[in-house]
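Here the structure comes first, spelled out in structure tokens, and everything after it is commentary.
Note that the structure is predicted; figures quoted are calculated from it, not measured.
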Amino acid sequence: MAKVCVFCGGTPLTKEHVLPRWLKVALDPTVRRHRYIRLSNGTVRQHDSTPLDAQVKIVCSECNSGWMNQLEENVRQFLPDLIRGNACTLNTEAQRALASWSVKTMLMLQYTHPAAVRVIPVSDLTRFHDVREPTSSMLGRMGFMNYPPDDSVPLVDTLCQGYGISGADDIAWISTLKIGCMVVQVLRAPKLAEGHILAPFSASSVLRPVWPPHDTIEWPLRAAIPYESMMDLAHPEVLNMPIVPL
């Protein structure tokens with residue numbers, strides 16, 4: 001259990017809801033659906049709970065009520081529409097906000113698990129605290145899934161896969177977060193050589209880049225990702241992240 005804030009080292013610690021309570025407006029209240037988390041780092045661990053109940057006590061009150069709260073406010077206007085599959089438009093500013101909120105949420109989800117099975121290194125939390133958006137070593141994209149019809153498909157599904165030596169600062173990882181109709185995926189490359197950058201994702205009918213921010217996205221996307229493809233999307237055998245010179 002953390003004794004100081006995982007972002008800034010401050011105290012006192014406060015409880016942070018992994019998903020904001022105001023998201024209840026986007027979740028179907030008539031059916032009780034659960035959150036499923038699968039992490040893979042040589043092992044697989046699953047944790048089930050109701051979507052909005054998960055809390056972690058790892059951040060200080062200043063971070064929690066300050067910049068972390070601002071990341072949530074930045075997506076509050078359009079995130080419920082993404083989750084319900086309602087029509088909306090994401091410009092580059094909204095894409096930046098969504099990518100930043102998604103990374104923050106993925107980092108918090110890690111701490112619903114014991115340290116032994118966490119994938120994302122602490123150094124990534126420090127870097128995220130410094131810039132408060134995905135770093136230059138990350139790429140982000142989003143896709144659309146049909147809203148879950150019943151409990152056979154999780155309402156909220158998160159998966160994180162590590163590539164490399166566990167605990168190393170330059171470990172590569174891929175984290176996928178699905179809430180309702182929205183799927184956001186963030187990939188983190190190992191340390192980049194000076195003068196090189198990650199080649200941005202290409203747009204397709206089922207996946208659109210959101211980090212770095214790209215062309216305007218009209219939501220929902222034209223084609224849906226089948227839920228049966230979730231594991232293939234989230235756990236590729238090889239993490240393909242082309243690196244190109246500046």
Q) Is it the case that one hydrophobic cluster holds both Val25 and Tyr147, taking links as side-chain heavy atoms less than 4.5 Å apart, direct or via other members? A) no

Q: Could you please spell out the steps behind the side-chain contact (heavy atoms from CB on, under 4.5 Å) verdict for Leu82 and Val184?
A: CA-CA 11 Å; Leu82 296 179; Val184 179; over 6 Å; no

Counting only pairs under 3.5 Å, give me each side-chain donor-acceptor contact of residues 171-179, with atom names and distances, residues two or more places apart or in other chains.
residue	atom	partner	partner atom	Å
Trp173	NE1	Asp124	OD2	2.7
Thr176	OG1	Gln185	NE2	2.9
Lys178	NZ	Pro154	O	2.8
Lys178	NZ	Leu155	O	3.4
Lys178	NZ	Gly180	O	3.4

Q: Calculate, to the nearest 0.5 Å, the distance between atoms CG and CG belonging to Leu19 and Asp53 respectively.
A: 10.5 Å

Q.
Using every non-hydrogen atom in the two residues, find where Trp211 and Thr135 come nearest and quote the distance to one decimal.
A. NE1-O, 3.4 Å

Q.
Tell me whether Arg188 contacts the main-chain N or O of Pro134 through its side chain, where contact means a donor paired with an acceptor under 3.5 Å.
A. no

Q) For the residue pair Phe128 and Ser100, what are the closest heavy atoms and their distance? A) CZ-O, 3.4 Å

(Q) Does the plane of the ring in Phe144 sit parallel, tilted or perpendicular to the ring in Trp219? Use 30° and 60° as the thresholds. (A) perpendicular

Q. For the side chain of Thr112 and the backbone of Leu109, is there at least one donor-acceptor N/O pair under 3.5 Å apart?
A. yes

Show me the donor-acceptor pairs, under 3.5 Å and distance only, between side chains in residues 73-80 and residues at least two apart or in other chains.
residue	atom	partner	partner atom	Å
Glu73	OE2	Arg76	NH1	3.2
Asn74	OD1	Gln70	NE2	2.7
Asn74	ND2	Gln70	O	3.3

Q) Could you state the interatomic distance from CZ (Arg141) to OG (Ser102), rounded to the nearest 0.5 Å? A) 13.5 Å

Q | Any donor-acceptor pair under 3.5 Å from Ser229 side chain to Asp232 backbone | A | no

Q.
Apply side-chain contact (heavy atoms from CB on, under 4.5 Å) to residues Met138 and Leu198 and explain how you reach the verdict.
A. CA-CA 8 Å; Met138 296 179 183; Leu198 291 171; 5.7 Å; no

Q.
I'd like to know if the side chain of Arg84 and the backbone of Asp81 have a donor-acceptor N/O pair within less than 3.5 Å.
A. no

Q.
Could you see if Ile243 belongs to whatever hydrophobic cluster contains Leu139? Use Ile, Leu, Val, Met, Phe, Trp, Tyr and a side-chain cutoff under 4.5 Å.
A. yes

(Q) Under 4.5 Å between side-chain heavy atoms, counting indirect links through other Ile/Leu/Val/Met/Phe/Trp/Tyr residues: same cluster for Phe7 and Val4 or not? (A) no

**Q.** Side-chain heavy-atom pair Cys160, Met106 within 4.5 angstrom cut-off
**A.** no

Q) For Asn69 and Asn64, what are the C-alpha separation, side-chain angles and deciding distance, and is it a side-chain contact (heavy atoms from CB on, under 4.5 Å)? A) CA-CA 6 Å; Asn69 181 66; Asn64 196 357; 5.9 Å; no

(Q) Strictly distance-based, threshold 3.5 Å: is any side-chain N or O of Glu16 a donor or acceptor partner for the main-chain N or O of Met108? (A) no

Q | 4.5 Å side-chain heavy-atom contact, Val153 and Asn146 | A | no

**Q.** Note, Cys181 side chain near Met145 side chain (heavy atom, < 4.5 Å)
**A.** no

Q. What do the steps show when you test Met142 against Leu90 for side-chain contact (heavy atoms from CB on, under 4.5 Å), and what is the final call?
A. CA-CA 11 Å; Met142 71 180 304; Leu90 298 182; 3.7 Å; yes

Q: Kindly give the heavy-atom pair with the smallest separation between Gly10 and Leu13, and that separation in Å.
A: O-CD2, 4.0 Å

Q) For the side chain of Arg118 and the backbone of His113, is there at least one donor-acceptor N/O pair under 3.5 Å apart? A) yes

Q: Report yes if some heavy atom in the side chain of Leu239 is under 4.5 Å from a heavy atom in the side chain of Gln161; otherwise report no.
A: no

Q: Could you tell me whether a side-chain N or O of Arg21 sits under 3.5 Å from a main-chain N or O of Leu52, the two making a donor and an acceptor?
A: yes

Q: Check salt bridge (charged side-chain N to carboxylate O under 4.0 Å, His left out) between Arg222 and all other residues, then give those that pass, not counting sequence neighbours.
A: none

**Q.** Under 3.5 Å donor-acceptor, Gln95 side chain and His214 backbone
**A.** yes

Q: May I ask you to test the Val122-Val6 pair for a side-chain heavy-atom distance under 4.5 Å?
A: no

Q) Do Val59 and Cys5 touch side chain to side chain, with heavy atoms closer than 4.5 Å? A) yes

(Q) Within this structure, what is the CD-CD1 distance for the pair Gln110 and Ile120, rounded to the nearest 0.5 Å? (A) 4.0 Å

Q | Inter-residue atom distance Ser137.OG - Leu187.CG, 0.5 Å rounding | A | 12.0 Å

**Q.** Residue pair Cys8 / Trp67, side-chain heavy-atom distance below 4.5 Å
**A.** no

Q) Does CD in Glu62 sit with more than 12 non-hydrogen atoms of other residues, nucleotides or ligands closer than 6.0 Å? A) no

Q) How long is the gap from OH on Tyr163 to NE2 on His235, to the nearest 0.5 Å? A) 7.0 Å

